[in-house]
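First up is the structure itself, then whatever we jot down about it.
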Amino acid sequence: MLVLTRKNGESIQIGDDIEIIVIGIKGDQVKIGINAPKHVEVHRKEIYLEIGQENEQASTGLANLLNILPKNEK
């Protein structure tokens with residue numbers, strides 16, 4: 001893990017397309033802004049994990065569904 005120290009108004013560049021900017025610091029909270037292309041999804045970690053769990057749950061029924069469909073024999 002790379003650990004960087006940034007002050008208010010300073011930023012971090014990831015590749016050519018993503019910039020993370022420290023917008024404000026208040027107590028133990030840091031407010032950040034993220035500039036990224038529209039095709040790059042940006043989520044809080046807990047939301048990202050929930051999306052992954054929901055996708056996994058949705059796909060578990062897919063195997064059963066495929067067994068129900070009639071087989072096309074040639």
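Within the structure, salt bridge (charged side-chain N to carboxylate O under 4.0 Å, His left out) contacts touching residues 25-43 (residues at least two apart or in different chains) do not occur.
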Indicate every side-chain donor-acceptor pair of residues 13-25 with a distance under 3.5 Å to a residue at least two apart or in another chain.
unit_1	atom_1	unit_2	atom_2	d
Q13	NE2	G15	O	3.3
Q13	NE2	I18	O	3.3
E19	OE2	S11	OG	3.1

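Nearest heavy-atom pair, T5 versus E10, reported as atom, atom and distance to 0.1 Å: O-OE1, 4.5 Å.
With sequence neighbours excluded, the residues that form a side-chain contact (heavy atoms from CB on, under 4.5 Å) with H39 are P37.
To the nearest 0.5 angstrom, R6 atom CZ is 6.5 Å from I12 atom CD1.
More than 12 heavy atoms of other residues, nucleotides or ligands sit less than 6.0 Å from atom CD of E46.
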